[in-house]
There are 2 protein chains.
Amino acid sequence: MTVERKVTVETEAGGGAHARKPRKDAARNRAALLAAADDLFARCASPEDVTMSDVAAAAGVGKGTLFRAFGDRTALIRALYAARLEPLERAVAEGPPPLGPGTPPLERVPALLDAVLCFKFDHRHLALALEGTGGDSPYRAEHYERWHALLRSALADLLDPPDADFTAHALLAAVRADLVEYVAGTHGTGREELRARLGEFVRRVLGTTGGT
Amino acid sequence: MTVERKVTVETEAGGGAHARKPRKDAARNRAALLAAADDLFARCASPEDVTMSDVAAAAGVGKGTLFRAFGDRTALIRALYAARLEPLERAVAEGPPPLGPGTPPLERVPALLDAVLCFKFDHRHLALALEGTGGDSPYRAEHYERWHALLRSALADLLDPPDADFTAHALLAAVRADLVEYVAGTHGTGREELRARLGEFVRRVLGTTGGT
DNA sequence: TGCAAAACGGACCGCCGGTCCGTATCTTCG
DNA sequence: CGAAGATACGGACCGGCGGTCCGTTTTGCA
């Protein structure tokens with residue numbers, strides 16, 4: 001009876017999870033949705049008041065399409081955030097100093113935090129949307145774990161292991177999007193001034209006293 | 001025609017905003033609602049899944065009563081949080097060292113942060129509910145401004161003014177409820193260990209090297 | 001060109017925060 | 001003590017949101 005080779009075998013077993021090539025309209029719509037969402041988040045005061053329907057409408061597609069493409073609100077925001085973050089992550093993973101690997105920790109840690117701060121500042125709307133996903137903490141996002149691990153390992157040369165772990169958390173907490181937004185928004189503190197303050201703070205944490 | 005002295009004059013002009021004595025049942029219900037809310041937040045995993053209807057039902061009153069008493073969800077949570085925080089605020093405002101005024105900054109700053117950490121740890125459910133109020137940042141709450149100002153003024157003796165301001169923010173960021181929850185929950189880090197890590201971190205920020 | 005797989009889209013659902021208003025309860029004053 | 005006015009009660013009700021469903025349309029392949 002020939003078992004019906006209907007398989008759709010998918011080559012999945014090997015572990016490669018490559019989605020088997022999306023249809024053209026699907027790809028186009030996905031891109032349009034990302035663009036529309038980015039635009040809306042940038043334009044609106046609070047992430048709360050850009051609804052999923054808004055995004056779909058702005059992209060010129062139906063709501064069903066939006067949810068089919070991304071699953072849910074959180075996933076949409078994560079996808080958007082990840083797309084914007086990718087250049088920075090590449091620079092950290094394989095770029096030149098002071099961000100890339102092979103940089104001495106005392107130099108790399110401040111550079112990493114400065115880079116994160118700049119990113120959060122320049123993409124506040126996305127970062128706020130991501131961190132304010134309501135559900136629960138932003139700490140659930142796996143990219144947080146990556147940054148934490150990176151920072152911790154860089155700090156490992158300078159501190160005791162348990163301290164390195166907590167310090168990494170604490171330093172990342174200093175560049176959380178809502179804090180950045182608050183300081184920048186309320187006090188009118190500008191980008192460069194914020195960078196200077198953070199730099200000084202990090203220097204103090206690392207015990208680097210001034211120096212040339 | 002005697003202009004109808006209907007006034008309800010209220011003595012408001014003087015600036016005193018004392019609500020003119022609430023009715024007895026209103027007071028009782030208010031208390032019941034606070035208790036019910038506290039209980040529910042403590043019992044539920046995420047603040048998100050305790051609804052206003054739940055609170056009203058648990059307190060044995062109607063939803064209308066709940067909203068009449070507190071206005072909206074945020075105000076309910078704030079009232080609850082403020083009630084629990086009050087002892088600590090008194091200790092800070094008029095208590096003995098190391099929390100109270102008159103304590104030298106080098107001693108007071110770590111003490112304040114330790115106290116906040118303990119409070120956030122012990123009342124995670126409330127702190128999470130408050131900070132996760134969705135709307136926007138927890139920085140809008142006026143009690144944040146109080147703590148920030150307090151810390152900043154304590155730091156003013158040790159740092160340049162702009163650094164004191166940012167440092168106060170950064171230190172408070174290290175004790176945010178969701179971070180505490182994450183570190184305590186995921187890594188199973190206990191209360192005392194967390195206090196030790198925070199203490200060490202603060203010490204490093206203040207440049208206090210070990211010492212007896 | 002024909003056909004099945006895949007994607008589309010918008011009506012629809014459940015839920016939640018918040019409102020409204022007829023009814024019940026308290027308080028005060030004669 | 002009784003009645004009237006003020007205040008609070010409570011739950012049916014509303015608008016809007018995230019998310020789902022399924023009949024219809026598009027696409028890719030042979």
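Chain naming here is simple, since letters A, B, ... match the order of the sequence lines and numbering starts at 1 in each.
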Which residues pass the side-chain contact (heavy atoms from CB on, under 4.5 Å) test with A:Asp72, sequence neighbours left out?
A:Thr74, A:Ala75
Could you check whether atom CZ of B:Arg146 has more than 12 heavy atoms from other residues, nucleotides or ligands sitting under 6.0 Å from it?
yes
Between B:Thr65 and D:dG10, is there a side-chain N or O to OP1/OP2 distance below 4.0 Å?
yes
Is the ring centre of A:Tyr81 less than 6.0 Å from the ring centre of A:Phe41?
no
Show me the donor-acceptor pairs, under 3.5 Å and distance only, between side chains in residues 62-70 of chain A and residues at least two apart or in other chains.
none

For DNA chain D, determine which residues of residues 67-79 of chain B have any heavy atom closer than 4.0 angstrom to one of its atoms, and list them numerically.
B:Arg68
Ion pair A:Arg197/B:Asp165, N-O distance below 4.0 Å
no
Within residues 28-42 of chain A: residues closer than 4.0 Å to DNA chain C (heavy atoms)
A:Asn29
Please tabulate the protein-to-nucleotide N/O contacts below 3.5 Å involving nucleotides 12-15 of chain C, giving atom names and distances.
none

What residues, two or more places apart in sequence or in another chain, satisfy side-chain hydrogen bond (donor to acceptor under 3.5 Å, both in side chains) together with B:Tyr144?
B:His169
Just jot down the side-chain contact (heavy atoms from CB on, under 4.5 Å) partners of A:Ser153, sequence neighbours excluded, or say none.
none
For A:Arg28, give me all partners under side-chain hydrogen bond (donor to acceptor under 3.5 Å, both in side chains), at least two apart in sequence or on another chain.
none
The side-chain hydrogen bond (donor to acceptor under 3.5 Å, both in side chains) partners of B:Arg176 (sequence neighbours excluded) come to A:Asp178, B:Tyr139
side-chain hydrogen bond (donor to acceptor under 3.5 Å, both in side chains) involving A:Glu192 - partner list, sequence neighbours excluded:
A:Arg195
If you measure from the Lys or Arg side-chain nitrogens to the Asp or Glu carboxylate oxygens, is any gap between A:Arg191 and A:Asp122 under 4.0 Å?
yes
All N/O donor-acceptor pairs, side-chain side in residues 182-189 of chain A, below 3.5 Å, sequence neighbours left out:
residue, atom, partner, partner atom, Å
A:Tyr182, OH, B:Glu145, OE2, 3.1
A:Thr186, OG1, A:Tyr182, O, 3.1
A:Thr189, OG1, A:Val183, O, 3.4

Just the atom pairs and distances: protein N or O near nucleotides 27-29 of chain C's N or O, under 3.5 Å.
residue, atom, partner, partner atom, Å
C:dT27, OP1, B:Lys24, N, 3.4

